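This is a predicted model, so every value here is computed, not measured. Scope of the values below: all heavy atoms of this structure, side chains included, with no hydrogens, waters or symmetry mates.
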There are 2 protein chains.
Amino acid sequence: MGKIEAGAGLRNQILTGDCIEAMAALPAASVDLVFADPPYNLQLRGDLHRPDNSRVDAVDADWDRFASFEAYDAFTRKWLAQARRVLKPNGAIWVIGSYHNVFRLGAALQDAGFWILNDVVWRKSNPMPNFRGKRLTNAHETLIWAARSDKARYTFNYEALKTLNEGTQMRSDWVIPLCTGHERLKDENGDKAHPTQKPEALLHRVIVGTTKPGDVVLDPFFGTGTTGAVAKRLGRDFIGIEADPAHAARARARIDRTVRLDSDALEVTGSKRAEPRVAFGVLVERGMLRPGEVLTSPRGAAAKVRADGSLITAEHRGSIHQVGAALEGAPSCNGWTYWHFKREGRAIPIDFLRQQVRSEMAAG
Amino acid sequence: MGKIEAGAGLRNQILTGDCIEAMAALPAASVDLVFADPPYNLQLRGDLHRPDNSRVDAVDADWDRFASFEAYDAFTRKWLAQARRVLKPNGAIWVIGSYHNVFRLGAALQDAGFWILNDVVWRKSNPMPNFRGKRLTNAHETLIWAARSDKARYTFNYEALKTLNEGTQMRSDWVIPLCTGHERLKDENGDKAHPTQKPEALLHRVIVGTTKPGDVVLDPFFGTGTTGAVAKRLGRDFIGIEADPAHAARARARIDRTVRLDSDALEVTGSKRAEPRVAFGVLVERGMLRPGEVLTSPRGAAAKVRADGSLITAEHRGSIHQVGAALEGAPSCNGWTYWHFKREGRAIPIDFLRQQVRSEMAAG
DNA sequence: TTTTCCGCTGAATCGCCCT
DNA sequence: GAGGGCGATTCAGCGGAAA
């Protein structure tokens with residue numbers, strides 16, 4: 001298979017075939033996020049199957065078990081290496097698994113140079129009970145979120161997830177029901193089309209939280225195309241790889257009938273870091289504060305504004321942040337919220353003035 | 001170190017030293033359960049400060065520093081091999097970890113021949129937030145429960161855990177608070193004695209669910225001795241191994257002041273035929289307790305019995321189990337052993353009355 | 001005595017941009 | 001590539017002090 005050209009032409013397609021070969025044909029550093037739900041049919045009792053579904057001839061049990069884990073690891077490391085190659089330097093990956101395979105998956109991620117950011121528990125609100133009463137109800141699966149490397153500046157929409165979680169930080173345990181009812185794809189006989197179809201709510205949270213609109217999400221084990229459907233709806237692009245043509249066709253039809261949300265709906269709560277920078281000196285230049293004016297801290301410390309936008313006290317001089325940190329004996333300080341100026345007898349944070357400047361910048 | 005003789009002489013002792021060497025000196029096939037809380041290999045880099053500029057007291061001990069994943073794996077495989085050797089053929093192991101180490105731990109377990117039964121999520125009700133808003137709140141840790149081999153007939157007290165869980169199957173996600181307050185051991189300066197002390201509620205569930213009274217529980221990373229204290233209280237024996245003599249001494253003192261429950265209280269729910277259920281309300285119906293009578297907890301809390309068999313305090317109302325758990329801030333509570341009534345000036349557990357009902361039921 | 005408030009703390013892999 | 005400066009960022013629960 002020759003290299004596929006980069007660019008818009010490849011986006012929003014489903015490639016049919018082996019995911020390792022298909023990824024090998026993709027250009028390096030072309031994908032923002034990988035979401036992978038790899039097979040974990042480590043059936044170590046009864047018939048033994050390799051991850052590629054070929055059957056292992058029955059031989060000595062101990063040897064088989066070792067061989068099977070080894071085969072699974074070899075498969076895992078191969079597709080992970082390709083996934084890492086096609087990821088952009090600041091890209092990230094999500095993988096999902098159960099206790100059968102997730103430990104091998106996580107160790108392989110670390111060995112490949114990925115940098116784990118969180119493990120996330122998908123806590124099923126309606127799991128299948130353990131019928132024989134021999135173990136605990138297996139009520140969760142595990143996702144691992146990892147950056148391409150420990151240097152990657154990965155995407156994380158902190159405020160958006162905080163909003164999704166009713167105003168407090170999103171935790172590492174997510175309660176989401178199984179994929180059932182109308183959402184569950186059926187085949188022509190009315191049976192479930194795929195054994196491990198994931199709920200769209202799960203992908204929604206992943207994609208809202210760790211991608212930006214227009215990003216490319218690659219799913220090398222596309223199945224029924226949940227990743228593609230949610231990516232499309234949320235204004236992201238996708239690349240799907242699926243070995244089974246029947247599944248690929250069903251996924252294609254599903255995505256075709258999925259409606260992309262308009263851009264208004266795609267906007268999420270942004271971070272303050274995204275706001276334009278304003279130098280404190282600009283407030284002085286514009287006459288919002290005059291040189292010589294005194295600012296006060298919450299604990300009553302005072303500092304004088306100088307013409308160049310620095311502050312000075314008896315003992316310290318420097319930026320609004322540096323002087324604040326020095327006075328507090330703290331490693332750092334946000335001078336914008338720390339310092340207050342007086343208007344009509346009231347102490348107002350200088351951040352109020354920064355907001356004024358920002359509105360004027362936006363208007364102009 | 002020579003081989004230590006098997007038998008009762010070794011039980012309920014804390015061995016001071018390296019856990020691999022100490023386990024090597026134990027006889028093979030002599031232990032029913034291993035509970036292991038190994039170093040997590042956190043790989044922390046700089047300091048971390050809260051938004052209020054206070055510094056986070058992180059785990060920076062030597063025992064948590066490893067040169068590489070390879071070094072950590074080598075250590076893990078060594079102690080796991082010894083743990084497996086000392087386990088009886090039908091024995092089992094619990095290990096606990098975070099995303100830093102648990103994937104390597106799980107893979108090593110599988111490679112060593114252990115047979116994973118469940119992974120269990122300890123969902124922390126009060127985790128430390130992510131102060132920089134750069135990741136999800138790391139709100140859980142992972143336990144792995146594995147039998148010594150796929151042939152092991154491991155211990156699982158299904159009905160006991162179902163009862164603990166208010167009548168429905170115990171799931172693989174457990175909500176338990178951090179170990180704080182009075183339960184947290186302090187050193188002579190009043191600081192936390194150990195950076196990673198686990199809550200007793202966690203060990204309670206593990207030991208009730210997967211051991212029998214009289215079993216031997218080995219903890220090769222004993223720390224403050226939570227495993228030993230809970231094992232003793234629940235009528236199990238323990239062997240602890242701890243490298244730091246100061247921790248070992250504190251653990252010894254803690255266990256010495258722990259009271260072993262009497263054998264009545266230890267009986268967990270067996271098969272339903274052997275231990276017929278008794279509703280607390282039956283005691284009221286039969287006049288063994290009158291509505292309005294006051295029950296007391298071991299720590300002196302009081303609750304009033306109502307006609308429908310519920311309890312009420314100023315702040316809580318519900319079943320004997322619910323109110324006990326609420327008062328203790330615990331995830332669960334056995335109300336039968338927790339609540340006491342007064343007869344002739346003495347406080348007697350209400351379980352005494354349940355036993356009376358059961359004998360009457362058996363007689364009738 | 002009771003309620004409210006305030007401070008402290010917990011296994012943490014916790015920046016980004018510009019020069 | 002390294003260094004320096006800006007400036008964003010927290011939840012639940014316990015316990016002691018204060019009202």
Participant: Can you tell me if His321(A) touches the phosphate of dG5(D), counting only side-chain N or O atoms and a distance under 4.0 Å to OP1 or OP2?
Facilitator: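 Negative; the distance criterion is not met.
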Participant: Quick one: Arg273(A) CZ to dG5(D) C1', roughly how many Å, whole number?
Facilitator: 15 Å
Participant: Can Thr313(A) and Glu315(A) be counted as having a side-chain donor-acceptor contact under 3.5 angstrom?
Facilitator: no
Participant: Can you tell which of Asn118(A), Asp119(A), Asp173(A) makes a side-chain hydrogen bond (donor to acceptor under 3.5 Å, both in side chains) with His140(B)?
Facilitator: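 For His140(B), the side-chain hydrogen bond (donor to acceptor under 3.5 Å, both in side chains) test succeeds with only one of Asn118(A), Asp119(A), Asp173(A), which is Asp119(A).
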Participant: Collect all protein-nucleotide pairs involving nucleotides 15-19 of chain D in which both atoms are nitrogen or oxygen and the distance is under 3.5 Å.
Facilitator:
unit_1	atom_1	unit_2	atom_2	d
dG15(D)	OP1	His182(B)	N	3.2
dG15(D)	OP1	His182(B)	NE2	3.1

Participant: Can you pull out the residues from residues 322-342 of chain A that lie within a 4.0 Å heavy-atom distance of DNA chain D?
Facilitator: Gln322(A), Ser332(A), Cys333(A), Asn334(A), Trp336(A)
Participant: Could you go through residues 54-61 of chain B and list every donor-acceptor pair under 3.5 Å that involves a side-chain atom there, pairing it with any protein atom two or more places apart or in another chain?
Facilitator:
unit_1	atom_1	unit_2	atom_2	d
Ser54(B)	OG	Arg50(B)	NH1	3.3
Ser54(B)	OG	Asp52(B)	OD1	2.8
Arg55(B)	NH1	Asp47(B)	OD1	3.4

Participant: How would DNA chain C look in dot-bracket form, 5' to 3', counting Watson-Crick and G-U wobble pairs with both distances under 3.5 Å and writing | for bases paired to another strand?
Facilitator: .|||||||||....|||||
Participant: Identify, between Arg171(A) and His49(B), the residue whose nearest nucleotide on DNA chain D lies closer to the 5' end.
Facilitator: His49(B)
Participant: Using a heavy-atom cut-off of 4.0 Å to chain A, what are the terminal contacting nucleotides of DNA chain C, in 5' to 3' order?
Facilitator: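 Footprint of chain A along DNA chain C, 5' to 3': dT13(C) to dC17(C).
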Participant: Side chain to side chain donor-acceptor pair (under 3.5 Å) with Lys78(B): which residues, sequence neighbours excluded?
Facilitator: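 Scan of Lys78(B) (side chain to side chain donor-acceptor pair (under 3.5 Å), adjacent residues dropped) gives none.
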Participant: Could you tell me how far apart Lys134(B) (NZ) and dG7(D) (C1') are, to the nearest whole angstrom?
Facilitator: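 One finds 12 Å between C1' of dG7(D) and NZ of Lys134(B), rounded.
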